[in-house]
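Reviewing the structure listed below.
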Amino acid sequence: MTAMTKQDFAAALGDSFREFGFAMVKDHGMDAALIEDGWRIARAFFSLPDDVKRRYDASGNGGQRGYTAFGREIAKGASENDLKEFWHVGRDLPGTHRLTATMPANIWPKEIPYFQELFIRLYDEFDRIGAELLTAIALDLGLSERWFDDAIEDGNSILRLLHYPPVSAEAPGIRAAPHEDINLITLLLGAEEGGLEIQDRQGNWLPVIPPPGALAINVGDMLQRLTNHRLRSTSHRVVNPPPERRGMARYSMPFFLHLRPDFLIDPLLQCVDADHPRRDPPITAHDYLVERLREIGLVKG
C-alpha cells in the first residue's frame with residue numbers, strides 16, 4: 001500500500017466505525033485454506049459428546065481457556081443465557097513472564113488431531129492482521145501509525161471458536177442477547193451465515209452480511225474508553241434464523257483483540273476537550289476485563 005492508500009483506508013475505516021461501530025474488510029490476507037481447516041476442526045470438536053467436551057471445562061480460569069458449555073454465558077443486563085457453546089484459545093507466555101498471573105496457559109483437546117497446531121497458527125494470523133488494522137485506527141485518530149504496537153504487545157487476546165447448535169422451528173428468543181464487546185477491537189469470521197445484527201444510532205437493528213470470507217470488525221468497550229467515546233462500541237446480537245433454517249448449526253470465529261493487561265486505559269488527550277469532557281476514570285486493562293467477566297457470569301465473586 002502507498003501512504004495515500006493507507007490514509008484513505010484509515011479514513012474509510014474510521015468513518016464506518018463512527019457511523020456504525022462496525023466495518024467489513026474483504027482483502028485481509030488470511031489464508032483461505034487455513035480458515036477452512038479451522039472450520040473443519042471446530043466442527044469436529046463441537047461434535048464430540050458433551051461429557052468429553054466438559055473434560056476441558058474453562059470455569060476454573062474465568063472462561064479464558066478451554067470449553068464453555070451451552071447456555072452458561074449471559075449478556076450484561078440480559079435475563080436469559082445465550083444459546084451457544086465455545087472454546088477459547090489465548091496467548092501462551094513463558095513461565096517467567098511478568099504477566100503470567102493474568103493469563104492462564106492454554107489447554108488442548110486430545111481427541112482432535114492438529115487442533116493445537118492449527119489454532120495456534122490461526123491465533124497468530126488474527127494477531128498479525130489485528131495489529132495492522134490498529135495502524136489504520138491510529139492514523140485516523142491522529143496518532144503515529146504504530147502507536148498501538150506497545151499497547152497490545154503480550155495482550156490478553158482471545159480466539160473464540162463459537163457454535164450455535166440447531167434450535168426447533170418454534171424456538172423463541174435469540175441465540176445471543178444484545179451486548180457490546182469488552183476488548184479493543186473484534187475481528188469476526190463467519191458472519192456471512194445470517195443472524196448477526198447491529199443496532200444503529202436510532203435504535204434500529206441492521207443485519208450484518210459481509211461477503212464470503214470477509215472479516216467483520218467492530219469497536220470494543222476498551223477502544224471506546226480510550227477514545228473517550230469518540231469511537232463507540234455498538235450493541236450487537238445474534239438472532240434465530242427463519243424457521244426453515246433453525247435446524248442448521250451456526251459457527252463463527254471472533255478474535256477479541258486485547259490490550260496488555262497492565263496497560264492503563266485513560267482517554268487520549270486529543271479526544272478530551274471542553275465540549276467532550278472525560279467520560280470514564282482510568283483503569284488497567286486487566287481490572288476492566290475482570291470487572292466485565294463478572295458481569296457476564298464467567299468469573300464468580
Side-chain angles (χ1 to χ4, degrees), residues 25 28-48 52-69 84-134 148-163 181-191 213-217 220 251-261 285-286 289 293 298:
V25 177
H28 47 73
M30 193 179 293
D31 182 5
L34 182 64
I35 294 169
E36 191 54 43
D37 283 344
W39 294 130
R40 177 176 56 82
I41 292 184
R43 290 187 184 98
F45 172 77
F46 289 118
S47 296
L48 292 172
V52 174
K53 290 183 287 189
R54 288 176 186 272
R55 293 174 191 167
Y56 304 99
D57 184 85
S59 58
N61 60 56
Q64 294 302 285
R65 305 289 189 271
Y67 176 66
T68 296
K84 65 190 182 190
E85 58 179 344
F86 53 88
W87 181 281
H88 276 170
V89 177
R91 189 182 307 282
D92 273 328
L93 295 174
T96 56
H97 196 286
R98 62 189 176 82
L99 295 172
T100 52
T102 62
M103 289 190 225
N106 278 307
I107 58 177
W108 305 104
K110 300 178 177 64
E111 294 79 8
I112 308 293
Y114 311 118
F115 188 103
Q116 177 176 353
E117 176 187 343
L118 178 73
F119 286 112
I120 286 176
R121 289 177 61 200
L122 266 171
Y123 184 100
D124 289 345
E125 277 295 279
F126 274 111
D127 209 25
R128 177 183 65 81
I129 292 166
E132 290 308 306
L133 288 167
L134 285 173
F148 282 99
D149 285 2
D150 177 67
I152 63 170
E153 185 178 1
D154 298 326
N156 196 8
S157 300
I158 294 287
L159 173 58
R160 174 180 284 188
L161 316 177
L162 187 53
H163 173 223
D181 291 345
I182 300 169
N183 44 286
L184 198 63
I185 59 172
T186 301
L187 291 68
L188 173 67
L189 283 172
L215 284 168
I217 316 292
Y251 296 88
S252 65
M253 269 190 277
F255 182 78
F256 303 113
L257 197 158
H258 276 262
L259 295 158
R260 193 179 66 247
H286 176 68
L289 174 62
L293 291 177
L298 293 182

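- Distance check, rounded to the nearest 0.5 Å: CD1 of I120 to CZ of R91 gives 12.0 Å.
- Salt bridge status for R40 with D37: present, with a side-chain N to carboxylate O gap under 4.0 Å.
- Taken to the nearest 0.5 Å, the CD1 atom of I129 stands 6.5 Å off from the NE2 atom of H28.
- Listed by chain and number, the residues in a side chain to side chain donor-acceptor pair (under 3.5 Å) with R121 amount to none (sequence neighbours excluded).
- When side chains are defined from C-beta on, L289 does not count as touching N183, because their heavy atoms never get closer than 4.5 Å.
- The aromatic rings of F46 and Y67 lie tilted to each other, with the angle between the two planes from 30° to 60°.
- Taking CD1 of I185 as the reference point, atom CZ of F256 lies at 12.5 Å (rounded to 0.5 Å).
- Here the side chains of L134 and L257 are in contact, with some heavy-atom distance below 4.5 Å.
- You'll find the side chain of W87 stays beyond 4.5 Å of the side chain of H163, heavy atoms only.
- Scanning for ring pair (Phe, Tyr, Trp, His ring centres under 6.0 Å) contacts around F255 gives Y123, F126, with sequence neighbours left out.
- The shortest heavy-atom contact between A131 and I152 is CB-CD1, 3.9 Å.
- Screening residues 58-68 for salt bridge (charged side-chain N to carboxylate O under 4.0 Å, His left out) gives no qualifying pairs among residues at least two apart or on separate chains.
- At a cut-off of 3.5 Å, with distance as the only test, no side-chain donor of H88 or Q64 sits close to an acceptor on the other residue.
- Looking at every heavy atom in both residues, T68 comes nearest to A58 through OG1-CB, 4.0 Å.
- D31 meets the side chain to side chain donor-acceptor pair (under 3.5 Å) test with no other residue; sequence neighbours excluded.
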**OP:** For side-chain contact (heavy atoms from CB on, under 4.5 Å), just list the numbers for L161 and F115, CA-CA rounded to whole Å, side-chain angles, deciding distance to a tenth of an Å, and then say yes or no.
**Re:** CA-CA 12 Å; L161 316 177; F115 188 103; 3.7 Å; yes
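- Under the 3.5 Å distance criterion, the side-chain polar atoms of S252 are left unmatched by any main-chain donor or acceptor of L189.
- Between F148 and L184 the shortest side-chain heavy-atom distance falls below 4.5 Å.
- In terms of heavy-atom proximity, L293 sits nearest to G62 at CD1-O, 4.1 Å.
- Residue Q116 holds its CD atom at 11.0 Å from CG of L118, rounded to the nearest 0.5 Å.
- The two residues A285 and L259 come nearest to each other via the heavy atoms CB-CB, 3.9 Å.
- Side chains of M30 and L122 form a contact here, defined as non-hydrogen atoms less than 4.5 Å apart.
- Residue L187 holds its CG atom at 10.5 Å from CG of L159, rounded to the nearest 0.5 Å.
- The shortest non-hydrogen separation linking I41 to F119 is CG2-CE1, 3.7 Å.
- Looking at every heavy atom in both residues, H97 comes nearest to D154 through NE2-OD2, 2.9 Å.
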In a table with atom names and distances, give each donor-acceptor pair under 3.5 Å that connects a side chain of residues 102-113 to protein atoms at least two apart or in another chain.
{"residue": "T102", "atom": "OG1", "partner": "L99", "partner atom": "O", "Å": "2.7"}
{"residue": "N106", "atom": "OD1", "partner": "G90", "partner atom": "N", "Å": "2.8"}
{"residue": "N106", "atom": "ND2", "partner": "G90", "partner atom": "O", "Å": "2.8"}
{"residue": "N106", "atom": "ND2", "partner": "D92", "partner atom": "OD1", "Å": "3.4"}
{"residue": "N106", "atom": "ND2", "partner": "D92", "partner atom": "OD2", "Å": "3.1"}
{"residue": "E111", "atom": "OE1", "partner": "Y56", "partner atom": "OH", "Å": "2.8"}
{"residue": "E111", "atom": "OE2", "partner": "R55", "partner atom": "NH1", "Å": "3.1"}
{"residue": "E111", "atom": "OE2", "partner": "Y56", "partner atom": "OH", "Å": "3.3"}

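- Residues satisfying the side chain to side chain donor-acceptor pair (under 3.5 Å) test with D181, not counting sequence neighbours, are T186, N218, H236.
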